[in-house]
Protein chains: 2
Amino acid sequence: MARVKMEDVAKLAGVSKSTVSQYLNKRYEYMSIETRQRIEQAIKETGYQRNVVARSLKVKKTHTIGVIVANILHYFSTAISRGIEDYCNKHGFNVIVCNADDNPVKEREYIEMLLAKQVDGLILASTNENNDLLKKLVEGGFPLVLVDRKLDGIEADGVFSNNVKASVDAISHFIKLGHRSIALFSPAIKKLSQRKERYEGYLRALSQHHIEIQEQYIKFVDKISDTRKIILELLHLPVPPTALFCTNDLTTIETLKVLKEEKVNIPSDIAVIGFDDSPWLQLLEPPLTTVVQQTYDMGVKSAELLLNKIENPHSKHCTVHIMDCQLIVRESCGFLRAGVD
Amino acid sequence: MARVKMEDVAKLAGVSKSTVSQYLNKRYEYMSIETRQRIEQAIKETGYQRNVVARSLKVKKTHTIGVIVANILHYFSTAISRGIEDYCNKHGFNVIVCNADDNPVKEREYIEMLLAKQVDGLILASTNENNDLLKKLVEGGFPLVLVDRKLDGIEADGVFSNNVKASVDAISHFIKLGHRSIALFSPAIKKLSQRKERYEGYLRALSQHHIEIQEQYIKFVDKISDTRKIILELLHLPVPPTALFCTNDLTTIETLKVLKEEKVNIPSDIAVIGFDDSPWLQLLEPPLTTVVQQTYDMGVKSAELLLNKIENPHSKHCTVHIMDCQLIVRESCGFLRAGVD
DNA sequence: CTGTTAGCGCTTTCAA
DNA sequence: TTGAAAGCGCTAACAG
């Protein structure tokens, strides 16, 4: 049970602990080919595995990073962590993923726990509510990468979607098809940059096309269980919207459920664009048009930034990657509407 | 930056390192309330966080467990790891999740890496190809829990679905609706117990109802990209099946794609039952009948077994949980067919 | 009630 | 080309 230690190997090979250590760290330069083979042999015989904990204590590197995701229920979080894990494993790093559940208290606890574990760096999609702590870390030179969500007053490496553009693209698509009454259905913004930006993109697209912004078409939901109420409100407006943009995956799913139950036809009664990808989307009837983020690649990229920072901790330079989203046009918006300029 | 250590706290509080250690480990018994407060104060002032790596080296417990899942692309793996993580985090354990990609070599590397990291235990959905190593671990008393897949010749704690029954239920459902030509579409079995059992359930259900087993209705796929070819083969049979059971989520998705493209109507041309759950299922047209495993709970349960084993390493007793699956009947099997006994 | 001491298993000068 | 020795930060007898 990993009970055998360096000393045992050393004894068996007839050398000292330090020589074995040299061998393990691939410092072969001044080692006779003969001792090297003896050590190799001894390791094989004993089944020796070096104790990474002891090593970490000494070298002050754990080769482990921490990841805190916002809400693991979202496919988005899962995809990001997969990207991170794949990249890290390929580069000999381990990953501890924690799910903060969009809860600032949990988030803080996880950050502290991961630091106590001596992780070499941190990737996080933060609530934007622990900026005091994070600021201190960044200023102390601790390797940190933000993903998905920008943080007020914190300058750090980061990987973000171009959410404003994503929204503008989606809304512009509606407009091109002749829609003028376009609703937005978003989770409550709180302090989250990506939500703010998607809202901003909605406003901007409408303005650019000189379409009046109507408060009644803009809906933020606090508890996802309120979806039905809100969608019905929209549908029962004197002039109901002809198009609806849902700005994340959970709101998209819940909206579609309600529309299906209410037998509202997509796209003839209302055109719909959703957010985020899933293998099931193209199986829907009609197949759903969505804005797709490069989630997996965002994970990979953020891991890359972090490992770079870890290798090279003194670069003061901040790198920020903005990743474009793609509007995947399927059939849930129909075709050009009649009566359009 | 976690730079402050126990000694600094001790100095500031005017006590010795060991007293601080006592405090941290909540051995208050013989500690004057006064020193206790002084230490508390000193910790607050310095922002001390104890170094878990050093502690682990000493106490030979890392409070970390390793999880190796088969294929993180499956919602199934994700759901299990979520269950594990939730339970572990609640009990002060960390989790390192590794994705073996159904690759025995990767799996072995991960096992060794996790052992080198001195994890306190391991949960795995194994390829069944590293049994030599695993057997040694179990025999050495190392805490190990199997999940989803049984292993040949290894007696260990485990949590599994009742796959035979799940299959029997699905096929019986078809039979009750009047189907007699029932096809099975499964990933290649290799050495995987859960696949074997689902196949077994298929055979058993047919036998129980005195329906002849027809080789041409039984399809195993090696590369998922072969799905189209195989499904078309089935459809073009002289007597094509009227019902199709897909035994995991990937085969289900790919099959549905092909059926949709080929404009094969579900359920009138062919009835379909899939495997595993997704929030999107009820949005399909028709909503898909599936066999649902208690994935999240399987994760929780396996974590529970593992932490028990870790607390109590000398119990020779093996606990195995078999979790029932549920057939969620939606509309993809239609109703009772005409011309039936 | 608190401090002294001896490691946990490994790395890394430095000296031989 | 190899070995001796010190120490990473913490814990746990044991002594006082």
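Values reported hereafter were calculated over all heavy atoms of this structure, with side chains retained and with hydrogens, waters and symmetry mates removed. Proteins come first, then strands; the chains are lettered A, B, ... in the order of their sequence lines, and each starts at number 1.
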Notebook entry, point to check: So which of residues 16-24 of chain B are in contact with DNA chain D, with a heavy-atom cut-off of under 4.0 Å?
Noted result: B:K17, B:S18, B:S21
Check: B:M31 near the nucleic acid: base, sugar-phosphate alone, or nothing, with a heavy-atom cut-off under 4.0 Å?
Finding: sugar-phosphate
Margin query: For B:H74, give me all partners under ring-ring contact (aromatic ring centres under 6.0 Å, His included), at least two apart in sequence or on another chain.
Written below: none
Using atom types as modelled, flag every donor-acceptor pair under 3.5 Å from a side chain in residues 98-106 of chain A to any protein atom, sequence neighbours excluded.
{"residue": "A:N99", "atom": "OD1", "partner": "A:I72", "partner atom": "N", "Å": "3.2"}
{"residue": "A:N99", "atom": "OD1", "partner": "A:D101", "partner atom": "N", "Å": "3.2"}
{"residue": "A:D101", "atom": "OD2", "partner": "A:K106", "partner atom": "NZ", "Å": "3.1"}
{"residue": "A:D102", "atom": "OD1", "partner": "A:R149", "partner atom": "NH1", "Å": "3.1"}
{"residue": "A:D102", "atom": "OD1", "partner": "A:R149", "partner atom": "NH2", "Å": "3.3"}
{"residue": "A:N103", "atom": "OD1", "partner": "A:V105", "partner atom": "N", "Å": "2.8"}
{"residue": "A:N103", "atom": "OD1", "partner": "A:K106", "partner atom": "N", "Å": "3.4"}

Next item on the list: Please list, chain by chain and in numerical order, all residues satisfying ring-ring contact (aromatic ring centres under 6.0 Å, His included) with B:Y23, sequence neighbours excluded.
Entry: B:Y28
Note to self: In whole Å, I'd like the distance from the NZ atom of A:K60 to the P atom of D:dG7.
What the structure shows: 13 Å
Notebook entry, point to check: Contact class for A:V15 vs. all strands (heavy atom < 4.0 Å): base, sugar-phosphate, or nothing?
Noted result: sugar-phosphate
Next item on the list: With sequence neighbours excluded, tell me which residues meet salt bridge (charged side-chain N to carboxylate O under 4.0 Å, His left out) with B:R38.
Entry: B:E34
Margin query: Using whole Å, what does the distance between atom P of nucleotide D:dT1 and atom CD of A:Q37 come to?
Written below: 14 Å
Next item on the list: Could you list the residues that satisfy ring-ring contact (aromatic ring centres under 6.0 Å, His included) with A:F160, not counting sequence neighbours?
Entry: none
Margin query: Expressed as a whole number of angstroms, how long is the span from B:K61:NZ to D:dA12:C1'?
Written below: 16 Å
Note to self: In whole Å, I'd like the distance from the NZ atom of B:K58 to the C1' atom of D:dA12.
What the structure shows: 7 Å
Note to self: Could you work out how much the helix from C:dC1-D:dG16 to C:dA16-D:dT1 bends, comparing the axis of its first five pairs with that of its last five, to 10°?
What the structure shows: 40°
Notebook entry, point to check: When the distance from CD of B:E7 to C1' of D:dG7 is rounded to whole Å, what number comes out?
Noted result: 12 Å
Check: When all nucleic acid strands are considered with a 4.0 Å heavy-atom cut-off, which category describes B:T35: base, sugar-phosphate, or nothing?
Finding: sugar-phosphate
Checklist line | Bounds of contact between DNA chain C and chain B, in 5' to 3' order, using a heavy-atom cut-off under 4.0 Å | finding: C:dC1 to C:dG9
Item checked: Length of the CG-C1' vector between B:N51 and D:dG7, whole Å -> 14 Å
Next item on the list: Output every pair passing ring-ring contact (aromatic ring centres under 6.0 Å, His included) with a member in residues 101-135 of chain B, not counting sequence neighbours, ordered by first then second residue.
Entry: none
Notebook entry, point to check: Can you check the B:Q118 CD to D:dC10 P distance for me, whole Å?
Noted result: 19 Å
Check: Can you tell me if CD on A:E7 sees more than 12 non-hydrogen neighbours from other groups inside 6.0 Å?
Finding: no
Notebook entry, point to check: Under the salt bridge (charged side-chain N to carboxylate O under 4.0 Å, His left out) test, which residues partner B:D152, sequence neighbours left out?
Noted result: none
Next item on the list: Count the heavy atoms of every other residue, nucleotide or ligand shown that sit under 6.0 Å from CD of A:E45, and state whether that count exceeds 12.
Entry: yes
Checklist line | Whole-Å distance separating the CD atom of B:Q49 from the P atom of D:dC10 | finding: 11 Å
Pairs under 3.5 angstrom only: tabulate donor-acceptor contacts from the side chains of residues 301-308 of chain A to other protein residues two or more places apart or in another chain.
{"residue": "A:S302", "atom": "OG", "partner": "A:M298", "partner atom": "O", "Å": "3.0"}
{"residue": "A:S302", "atom": "OG", "partner": "A:G299", "partner atom": "O", "Å": "2.9"}

Checklist line | B:D297: partners by salt bridge (charged side-chain N to carboxylate O under 4.0 Å, His left out), with sequence neighbours left out | finding: none
